[in-house]
Amino acid sequence: MSDLKALIFDVDGTLADTEKDGHRIAFNMAFKDAGLDWEWSSDLYEQLLAVTGGKERIRYYLDKFNTAFNRPDNLDEFIASLHQSKTGFYTKLLSEGAIPLRTGVRRLIEQARDAGLRLAIATTTTPANVTALLQHSLDKDSESWFEVIAAGDIVPAKKPAADIYEYALKEMGLAADECLAFEDSHNGILSSSGADLATIVTINDYTKSHDFSGAAIVLDHMGEPDEAFNVLGGMQPHKSYLDIDVLKEIHQAVT
Ligand code: XBP
Ligand code: MG
């Protein structure tokens, strides 16, 4: 059995609740700015989250929910430009400190650094969005804490494909059984499990009814010493918040 050497984090929904009050709002701002009358409600957005990637999500919306829209000839360019505008609005929201990190995230990342664990990111979101969240919600210099930031179009097949996690593992030169992944969604765990990674799931409002079979453990959040997590599935650890001891316990139990 291998020692635990690295942690690989998803971003959206895992490090912070970015979807409902971040991405969704930014999409709507971009639509309005482009003179479109599209408005993605929270309920509609929950359905749109079936598809990862912002550009892919806009296309899915047109295919499934707005078939009457009179598409321009250059649909790819139209979507790319809308999405670029959305990224601008989203990163501006983050720079205003709009989205805090979820419970336990900052402490766990800081403890992992102190313990010499290597850190990486594997996400579907655009690289600029990761930079903005890390700089404004974690620490000005925190991008450098992560050895690999695997994000967005760096791999053509987004989650649920395993490619983004496989890319991160390859860049780090690590085997899957030397790492733990952190996810919040069904598409996320399909991706991490597809790369053979043991995965810790922290659910959120959008993902609480997802299928997380295959997760090492399913939690409502990472927990803090004074704020216990609830174990919703998988193994039962000896503490009620994630720290390095518990990560090692989980890693040992499942790899
Ligand atoms: C995140 C996503 C992303 C964001 C939007 O999924 O699906 O598409 O919603 O980001 P995961 P972009 O957490 O599973 O990686 O608009 O930059 O694509
Ligand atoms: Mg996610």
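We're numbering straight along the sequence, starting at 1. Side chains included, hydrogens not; waters and symmetry mates left out as well; all remaining heavy atoms used. Start at 1 and go down the list; that is how both ligands and their atoms are numbered.
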Would you please determine whether Phe9 falls within less than 4.0 Å of ligand 1 on a heavy-atom basis?
-> no
Run the contact test for Lys55 against ligand 1 with a 4.0 Å cut-off on heavy atoms, strictly below, and give the result.
-> no
Please report the number of protein N, O or S atoms that lie less than 2.8 Å from the Mg ion (ligand 2).
-> 3
Sole residue of His23, Arg24, Lys20, Glu19 in side-chain hydrogen bond (donor to acceptor under 3.5 Å, both in side chains) with Tyr45 = Glu19
Could you tell me whether Lys92 sits above the aromatic face of Tyr90, with NZ or CZ closer than 6.0 angstrom to the six-membered ring centre and within 45 degrees of the axis?
-> no
Hey, can you tell me if Tyr61 and Phe65 have their rings parallel, tilted or perpendicular (30° and 60° cut-offs)?
-> parallel
Compute the minimum heavy-atom distance from Glu56 to ligand 1 and say whether it is under 4.0 Å.
-> no
Heavy-atom nearest option to atom 18 (O) of ligand 1, drawn from Gly13, Gly54, Pro127, Ala128 = Gly54
Strictly under 4.0 Å, does any heavy atom of Thr123 approach an atom of ligand 1?
-> yes
Min heavy-atom dist Thr87 to ligand 1 below 4.0 Å | no
Residue, atom name and distance, where the atom is the protein heavy atom closest to atom 14 (O) of ligand 1 | Lys159 CD, 3.4 Å
Contact check, Lys86 vs ligand 1, heavy-atom distance below 4.0 Å | yes
Determine whether Ile250 and Ile200 make a side-chain contact, defined as any pair of heavy atoms from C-beta on separated by less than 4.5 Å.
-> yes
Non-hydrogen atoms of Asn187 versus ligand 1: any pair closer than 4.0 Å?
-> no
Taking the non-hydrogen atoms of Gly53, is any one of them nearer than 4.0 angstrom to ligand 1?
-> yes
Report the residue from His251, Met222, Lys239 that forms a side-chain contact (heavy atoms from CB on, under 4.5 Å) with Val246.
-> Lys239
